[in-house]
Asks: 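Here it is, the structure, as structure tokens.
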2 protein chains.
Amino acid sequence: MNRSASIKDVANHASVAVGTVSNVLNYPDRVSQRTKDRVLKAIDELGFVRNDAARQLRAGHSRTIGLIVLDVGNPFFTAVVRAAEDAAALHGSAVLLGDSGHDAAREANYIDLFQEQRVQGLLISPVGDVTERLDLLRERGVPTVLVDRLADEAKFSSVAVDDDAGGYLAARHLLDTGRRRLAFVGGPTSIRQVADRLQGARRAVKEDADATLEVLESEGQTVLAGRSVGNSLVERGREGLPDGIFCANDLLALGVMQSLTMTHTFRIPEDVALIGYDDIDFAVSAVVPLSSIRQPTEALGRTAIQLLAEEVESRNPTHRSVVFTPELVVRQSTKAN
Amino acid sequence: MNRSASIKDVANHASVAVGTVSNVLNYPDRVSQRTKDRVLKAIDELGFVRNDAARQLRAGHSRTIGLIVLDVGNPFFTAVVRAAEDAAALHGSAVLLGDSGHDAAREANYIDLFQEQRVQGLLISPVGDVTERLDLLRERGVPTVLVDRLADEAKFSSVAVDDDAGGYLAARHLLDTGRRRLAFVGGPTSIRQVADRLQGARRAVKEDADATLEVLESEGQTVLAGRSVGNSLVERGREGLPDGIFCANDLLALGVMQSLTMTHTFRIPEDVALIGYDDIDFAVSAVVPLSSIRQPTEALGRTAIQLLAEEVESRNPTHRSVVFTPELVVRQSTKAN
DNA sequence: GCAAATATTTGAATCGTTTCATTGTTACGA
DNA sequence: TCGTAACAATGAAACGATTCAAATATTTGC
């Protein structure tokens with residue numbers, strides 16, 4: 001069997017018209033039970049599978065939406081992807097996933113590919129700035145929603161998480177559990193996420209007159225970078241040590257934790273409380289389970305799809321931006337003394 | 001601009017025939033420079049983008065291949081995905097990615113979707129056994145390659161990694177660095193990967209008459225499961241302790257490491273050597289950098305695409321299975337005494 | 001048993017591209 | 001000047017599904 005069966009083959013085999021087969025597939029109520037049975041039997045016998053290309057051609061658009069993420073390996077995006085897939089399934093569409101890997105050229109490739117596929121719309125976490133190509137897409141009327149990046153509402157809808165609020169939440173929690181000499185670990189501050197989280201932390205500390213915040217800039221956002229910051233803290237000795245540390249992400253926090261616990265000079269949370277950001281899977285299984293700030297990834301993904309659906313349905317292009325507030329997850333590393 | 005421009009619009013605008021526009025797009029050499037310029041100008045002015053559905057319909061197949069993985073969050077699959085995308089790009093095709101999340105229903109959905117899309121072929125890490133649906137696909141002549149699972153060569157091509165060899169490699173390394181009382185941590189042994197790795201370790205231990213292997217079954221493959229095994233080892237005290245531990249994956253190994261280092265009774269690697277499996281990103285940044293067994297994910301992805309290309313091109317269905325040998329990565333946790 | 005109303009079925013037209021046999025054009029050697 | 005390649009451009013036919021006005025069957029009410 002070389003060429004797969006078409007609707008015409010099914011029609012012949014069941015001795016009906018092609019339109020009838022189509023009706024069985026799309027409007028079963030219009031067809032009598034008898035013919036429906038015959039047609040379904042023929043479909044089964046021939047192993048007929050709808051040709052989506054032909055269907056799309058006629059319909060003028062596909063039933064898929066494009067999703068371009070910066071890095072499928074990042075648990076944050078993985079979760080968004082999953083939520084988006086599930087939400088899209090409810091709308092009867094499927095998600096085409098592209099991974100730009102922070103590479104503008106790959107991103108451009110995917111944008112072009114998805115445009116040729118006539119996707120219903122596009123969800124994208126853009127590499128760097130909103131590019132020309134993306135603007136062009138918008139002008140051509142392809143509904144587009146930016147993910148994890150705030151956008152000019154005149155141009156795009158977008159969903160993002162409020163990092164300032166997350167920073168505030170983390171610092172507020174440390175303060176509320178009695179800590180007074182806080183430290184922020186993260187860097188470089190040129191990264192928007194890091195800067196916003198720090199700003200939120202500053203805001204919380206200002207509210208308590210007797211509290212202080214020290215900034216320890218790290219070289220990157222890895223476990224190793226965290227460990228190196230931790231080591232410098234250990235060298236300082238007991239008197240200079242902050243009693244509450246907020247790390248810009250969980251990897252940093254795990255590194256700091258390794259340094260502090262290895263020496264056995266400091267106990268977490270008795271001597272120092274420690275909180276991270278992102279609530280990655282490893283947070284719960286750290287030596288001391290790590291408190292963290294959780295981003296509502298499922299809601300983000302779901303909302304992205306919903307905004308996209310709104311754009312697709314409404315003819316006139318009004319855009320919306322939705323900002324989510326992250327959530328505090330308390331574990332042992334910040335238990336009150 | 002409501003409906004996007006078609007090739008016919010371009011033809012009118014440039015005052016040429018539709019066939020000529022098509023030639024400019026597909027066989028630029030057949031067209032004179034003068035008309036080519038005119039057509040390209042028209043394409044640009046109208047913002048024409050090829051409609052892939054129409055192209056596919058005519059061609060009878062798409063330029064995409066489907067890839068269904070068990071879990072995009074798993075670093076192993078993420079790496080395979082990336083390699084497959086790059087390799088496919090070289091062949092001029094794009095990858096449609098689906099995440100079954102170990103769920104047979106989602107897997108089935110993707111198989112159906114991809115079939116409607118008339119993908120050129122399918123790469124799949126099946127949930128559980130090779131299902132009926134997959135067999136059907138094969139019978140319908142959709143080239144299919146199984147990833148990370150050995151297959152009956154009469155039916156499918158496949159790429160996989162030799163877990164027995166990996167187990168052997170890990171145990172052999174412990175033995176070669178002077179360890180004699182080995183322990184294997186992993187479970188449940190009903191998982192093929194776990195069983196194979198254990199079997200390989202047994203094979204290595206048999207080669208050294210004075211060496212022993214003890215099996216410590218864990219409840220799952222997580223950090224917590226590892227920690228609980230580790231704790232029971234600590235309770236045993238110094239005399240009963242193995243001097244070399246091989247864990248069925250890195251998460252387990254990290255858990256065991258946490259237990260042993262926290263108590264400060266045992267040192268790694270001086271008292272106990274520890275080796276994991278998978279070489280996840282966290283392995284290098286553990287408290288004691290963890291030795292591990294690395295799977296050649298890039299080669300796996302690349303080869304999967306290549307096998308698929310072979311199936312697509314050759315009319316007669318001969319299948320190949322490629323088995324990769326994993327690689328030992330030595331770090332501090334198994335340094336010789 | 002008949003007309004009207006309703007339910008079912010039909011099949012030609014359409015979507016946008018590629019293909020390919022045909023026609024038109026140019027250049028060159030005899 | 002003519003014949004013949006070689007090259008360019010043409011446009012109708014095909015791909016497979018959906019749509020919809022028209023044709024045909026069936027049911028209903030009287």
Asks: Test of understanding: with salt bridge (charged side-chain N to carboxylate O under 4.0 Å, His left out), list the residues that count as partners of A/Glu45, not counting sequence neighbours.
Replies: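 For A/Glu45 the salt bridge (charged side-chain N to carboxylate O under 4.0 Å, His left out) partners, ignoring immediate neighbours, are A/Lys41.
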Asks: Give me the distances for all protein-to-nucleotides 21-26 of chain C N/O pairs that come in under 3.5 Å?
Replies:
none

Asks: Any residue in residues 28-37 of chain A with a heavy atom nearer than 4.0 angstrom to DNA chain C? Just list them by number, or reply none.
Replies: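 Heavy-atom cutoff 4.0 Å gives A/Asp29, A/Arg30, A/Val31, A/Ser32, A/Thr35.
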Asks: By side chain to side chain donor-acceptor pair (under 3.5 Å), which residues pair with A/Arg50, not counting sequence neighbours?
Replies: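 With neighbours one apart ignored, the set is A/Asn26.
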Asks: Applying side-chain contact (heavy atoms from CB on, under 4.5 Å), name anything that partners A/Ser93, two or more places apart in sequence or on another chain.
Replies: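 A/His91, A/Gln120.
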Asks: Taking only residues two or more places apart in sequence, or in another chain, which ones meet B/Gln306 in a side-chain contact (heavy atoms from CB on, under 4.5 Å)?
Replies: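 B/Gln306: side-chain contact (heavy atoms from CB on, under 4.5 Å) contacts with B/Glu310, B/Arg320.
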Asks: What residues from residues 88-95 of chain A pass a heavy-atom cutoff of under 4.0 Å to DNA chain D?
Replies: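 Those residues whose heavy atoms fall under 4.0 Å from DNA chain D, taken from residues 88-95 of chain A, amount to none.
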Asks: Using the side-chain contact (heavy atoms from CB on, under 4.5 Å) criterion, which residues pair with B/Leu137? Sequence neighbours excluded.
Replies: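 B/Leu137 satisfies side-chain contact (heavy atoms from CB on, under 4.5 Å) with B/Ile111, B/Gln115, B/Leu122, B/Leu134, B/Val142, B/Thr144 only.
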Asks: Any salt bridge (Lys or Arg N to Asp or Glu O under 4.0 Å) involving residues 104-121 of chain A? Give me the pairs, sequence neighbours left out, ordered by first then second residue.
Replies: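 Listed by first then second residue: A/Arg106-B/Glu85, A/Arg106-B/Asp86, A/Asp112-A/Arg133, A/Glu116-B/Arg63.
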Asks: Indicate, yes or no, whether a donor-acceptor pair under 3.5 Å links the base of C/dT17 to the side chain of B/Arg55.
Replies: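 When only heavy-atom distances are counted, B/Arg55 does not reach the base of C/dT17 through any donor-acceptor pair under 3.5 Å.
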Asks: side-chain contact (heavy atoms from CB on, under 4.5 Å) with A/Ala87: which residues, sequence neighbours excluded?
Replies: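 For A/Ala87, the residues satisfying side-chain contact (heavy atoms from CB on, under 4.5 Å) (neighbours in sequence not counted) are A/Arg302, A/Ile305.
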Asks: Dump every N/O contact between nucleotides 4-6 of chain C and the protein below 3.5 Å, one line per pair.
Replies:
none

Asks: Which angle, rounded to 10°, do you find between the first-five-pair axis and the last-five-pair axis of the helix from C/dG1-D/dC30 to C/dA30-D/dT1?
Replies: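 The value is 40°.
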